[in-house]
> 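I have a structure here, written as structure tokens, and I will follow up with some questions on it.
A, B, ... follow the sequence lines: proteins, then strands. Residue 1 opens every chain.
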2 protein chains.
Amino acid sequence: MVRLVDVARAAGVSVATVSRTLNGNARVDPELAARVHAAVAELDYRPNLVARNLRRRATQAWALVVTDVTNPFCTAVARGVEDVANAAGYSVFLCNSDEDPGKEQRYLAVAEAERVAGLIITPASPASDVGRLLGAGIPVVALDRHLPQPVATVVADSAAGAATATEHLLAHGWRRPACVTGPAGAETADQRAAAFRAVVRRCGLAELVEHVPYHAAGGAAAAARLLDLPQPPDCLFVANSALAIGVLEELRRRGLRLGADLGLVTFDDAPWAPLMDPPITVVAQPAYEMGGRAAELLLAALGSPAEPATRGTAVFEPRLVERGSCLRSG
Amino acid sequence: MVRLVDVARAAGVSVATVSRTLNGNARVDPELAARVHAAVAELDYRPNLVARNLRRRATQAWALVVTDVTNPFCTAVARGVEDVANAAGYSVFLCNSDEDPGKEQRYLAVAEAERVAGLIITPASPASDVGRLLGAGIPVVALDRHLPQPVATVVADSAAGAATATEHLLAHGWRRPACVTGPAGAETADQRAAAFRAVVRRCGLAELVEHVPYHAAGGAAAAARLLDLPQPPDCLFVANSALAIGVLEELRRRGLRLGADLGLVTFDDAPWAPLMDPPITVVAQPAYEMGGRAAELLLAALGSPAEPATRGTAVFEPRLVERGSCLRSG
DNA sequence: TTGTATGCGTTATCAG
DNA sequence: CTGATAACGCATACAA
């Protein structure tokens, strides 16, 4: 491994001069700088970031902890984060908590121990604790759900999205809607269910809601329970695309057809949604933009620690994308 | 930030003793150890990994560089890697090269500079250069495609899978097959195309092959070109699920229906494949297992550097999952 | 502007 | 078995 001192020796200068020319903060004689660059190229020197990080007590890396890497919403967020982070000179490491608070906590510990510059997280639970990170001076931005700590947060307007979806269903003549949502206690799951309930209640209809884990298996189980009811629902509002996969599996299993037998709207626009038959109407979150905004908030927090302006909540409006799974063709 | 010396002071011992009890290698008096643990708990001490890494000249982190985080194959691989890495005490950071050799190279540089313990990569190009990593003593395992360097590699048998898929199409009576595959030069793209060609040629049929980038947009463009041919194909073999999305979009746009108008088989089993109408027949790679195997190979390389046994290629057999998109119903 | 010397927090060596 | 102390590779305060 070639070190700073090797470059210094080759260039005939001190390590301080090499460090200075490479970091570009202080002024250094152009000629010496040229010799340094020549030596760097010659030896193919690359700074040891772990040494630099130790000395600077800061890294150039972010951690992005998401609840589900296989969820298109999360991967779109990841790209949004990545693009602005990279532009600002940061690398982002993606960590998958798998909706498991234990796994999440482990990644938080590693992130702290590795002294990441900042962290963006879609919390696995409302109790997810980033207090240690904050205590260690590592700024945190929450995404999709809030944290117990007062950190900058980026969310979509779940209530508005869910209300729009439910009303859309009713506007197409369906009369017995049900909601398949995430676990009780999960912010987005609760908000989407609450908005669904409010719309349904206002119309004097029954409030059918199933809370299940945010996985395909959960969606399938919820759909099965609902469809086994004495008076099964005639349309479904599903709170995310992972659940939707499970719901669709169950419908398929029972030979039920969208449009003919059942109306459907889901939260999140997955790449496969427009390909189904009929194509699925969704409430799309601007996931890429949300990731980008989260990254910008983190950047701001890195620039000015404890900046009050960076503690609010940025709310994005989801957008109804009509495609056909709500039409009553049967 | 609480440091080792703070713990030592609180426990009334030397830093060496604290370090030893925490790392558990050397023997230390049980009573002192108890005092140390008490102090650690009291102060809520957490080791600074960047200092440890500098001193040990090694980290406990792996980098996993994939070409496309939104591809279900890649995310399944990631989980396989993660599970065995975690079990062995390593953390894995996921990096997204986006099929872009430049972005990939940047991540490789960061991984080297951050002195990751090891790296697993699905190369964005056959020229992807991990020479520096290897030179720095960082073991590398390639996945899905080979690298120019002789490192342990995990792949699926693309040729066998593609041949099976093509034969399956022909066995169902389709007579003018075409292949939509990744860019020429990409190993999997070429192998799948070659196997397709071999089967088709053996049957005396035309060799219709489209090479496009491994994105949905590429798949759509390829499908459009093929369907605009004077004698368009009557069935398609698609080389991965991202391409398949685009192909299906294009079919939808043209009002063509699977089974009735066109047969289809794709590589990779995506969660949405069984939900299409008709459900899509696929050649499934055991992605999770492949990721796990890659991790095991990395573990082996970490245990014994330059072990010759860790330089071979592990080949997994893909499995045909029949679902209906090849049946001629029209 | 340049060089010397110190310290970032740990681990590991070497006496005791 | 324990404790002082020297690295690990780099950045910077300070002196020149």
> Under the ring pair (Phe, Tyr, Trp, His ring centres under 6.0 Å) rule, collect the residues that match up with A:F73, sequence neighbours excluded.
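If we apply the ring pair (Phe, Tyr, Trp, His ring centres under 6.0 Å) test to A:F73, skipping adjacent residues, there are no hits.
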> Could you please spell out the steps behind the salt bridge (Lys or Arg N to Asp or Glu O under 4.0 Å) verdict for A:R35 and A:E42?
CA-CA 10 Å; A:R35 296 218 313 258; A:E42 167 71 24; over 6 Å; no
> side-chain contact (heavy atoms from CB on, under 4.5 Å) for A:R57 and A:R115? Distances and angles first, verdict last.
CA-CA 8 Å; A:R57 296 153 138 218; A:R115 300 303 191 269; over 6 Å; no
> Does the side chain of B:Y214 pick up a donor-acceptor pair with the side chain of B:N71 at under 3.5 Å?
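Result is no, nothing qualifies.
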> Just by distance, no angles: are the side chains of A:H146 and A:T313 close enough, under 3.5 Å, to form a donor-acceptor pair?
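Yes, because at least one side-chain N or O of A:H146 sits under 3.5 Å from a partner of the opposite role on A:T313.
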> Roughly how far, to the nearest 0.5 Å, is CG of A:D129 from CD of A:E104?
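Rounded to the nearest 0.5 Å, the CD-CG separation comes out at 9.5 Å.
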> Scan B:L49 against the nucleic acid and name what it touches under 4.0 Å (heavy atoms): base, sugar-phosphate only, or nothing.
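Here B:L49 touches no strand at all.
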> Please report the end-to-end axis angle for the helix from C:dT1-D:dA16 to C:dG16-D:dC1, five pairs per end, rounded to 10 degrees.
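That helix gives 40° between its end axes.
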> So does A:S19 get a backbone contact from the side chain of A:N23, meaning a donor-acceptor N/O pair under 3.5 Å?
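Yes, A:N23 side chain to A:S19 backbone: donor-acceptor pair under 3.5 Å.
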> Reading nucleotides 6-16 of chain C 5' to 3', which nucleotides get B (base under 4.0 Å from a protein heavy atom), which S (sugar-phosphate only), which -?
-BBBBBBB---
> Would the number of heavy atoms belonging to other residues, nucleotides or ligands and lying under 6.0 Å from CZ of A:R293 be above 12?
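Counting other residues, nucleotides and ligands, CZ of A:R293 stays at 12 neighbours or fewer.
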> Partners of B:T70 by side chain to side chain donor-acceptor pair (under 3.5 Å), sequence neighbours excluded?
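Expected list: B:D68.
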> Restricting to salt bridge (charged side-chain N to carboxylate O under 4.0 Å, His left out), what partner residues turn up for A:R20, sequence neighbours left out?
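A:R20: no salt bridge (charged side-chain N to carboxylate O under 4.0 Å, His left out) contacts found.
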> Please identify the 5'-most and 3'-most nucleotides of DNA chain D with any atom under 4.0 angstrom from a heavy atom of chain A.
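The contact span of chain A on DNA chain D goes from D:dG9 to D:dA13.
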